[in-house]
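In what follows, a structure is listed as structure tokens, so that the remarks can point back to it.
For ligands, and for the atoms within them, numbers begin at 1 and follow the listed sequence. In what follows, every heavy atom counts, from backbone to side chain, and hydrogens, waters and symmetry copies are set aside.
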Amino acid sequence: MKNLRNALLLKQLYQLKQLGYKYTSVTPYKEDEQHLRLPNTLDSLKKQAMECHLCELSKSRQKVVFGEGDPQADILFIGEGPGTMEDSSGKPFVGRSGELLTKMIENVLLISRSEVYITNIVKCRPPNNATPTPTQAHTCQPYLLKQIELIRPKIIVTLGVTAYHYLTGDDTEISKVRGTLHKQNDYTVIPTYHPSYLLRNPSAKKEVFEDLLKVKELMGK
Ligand code: URA
């Protein structure tokens, strides 16, 4: 909640600056925990995220990409941030890397994409598909943490180093950490390579296959 409060405070200070204020002696943000609490259903959380202007990504986005899938999924996939096709459709992983992710879910986990939940570290597209900055990732984090709290997945598969890093706080190289299990809160994190890395390095598909077999095993399938 501290991140959300800081982000709101920063936004209000920017607004005052745009109005011509150079200094302010008042506390622009009056603490009101009730107001800051995020909604307790996925639908209302999505509604709130759709209107989010807490960081500069809201200025260049076409659509907020909140996430999609089974709201009670046992498996949650987390990517980095929406790309061009996701930005225009409002859906996560619909481009080439999305096609590959769907194949991985269907062919290895032997379930359909609609049985898992898929989202990203940031819900708005970073221009030029840049890696989200720490400020962007932390500003968006309350939405992700609330999604996790509401979906209550057993397993979280982080796709690529950015998702792993921002979910766990660990900045170990992805090649060293992939396929390892990390118990965190009520779920197990399994980091693996990002599908867009696999499109560039198809030989790494073998390792992702092994990582997803671990997911299957954990699910008792
Ligand atoms: N890459 C991501 O990390 N997320 C998407 O939604 C699409 C591409």
So the atoms of ligand 1 within less than 4.0 Å of a heavy atom of H194 turn out to be 1 (N), 2 (C), 3 (O)
Here the atoms of ligand 1 under 4.0 Å from any heavy atom belonging to P92 are 6 (O)
Item to check | Side-chain donor-acceptor contact under 3.5 Å, D170 with T172 | outcome: yes
>> Side chains of T133 and T135 only: does a donor on one sit below 3.5 Å from an acceptor on the other?
In response: no
Looking at the rings of H194 and F93, which for Trp means the six-membered one, are their centres under 6.0 Å apart? yes
Aromatic ring pairing F66/Y117, orientation class (parallel under 30°, perpendicular over 60°, tilted between) | perpendicular
**Message:** I'd like to know if the side chain of Q147 pairs up with that of K123 as donor and acceptor (distance under 3.5 Å, no hydrogens or angles considered).
**Reply:** yes
The closest protein heavy-atom partner of atom 4 (N) of ligand 1 is N120 OD1, 2.8 Å
Note: E86, heavy atoms under 4.0 Å from ligand 1, region reported as side chain
- Item | N or O pair under 3.5 Å between G79 and ligand 1 | no
Nearest non-hydrogen contact to atom 2 (C) of ligand 1 from the set S97, P195, A163, G81 belongs to G81
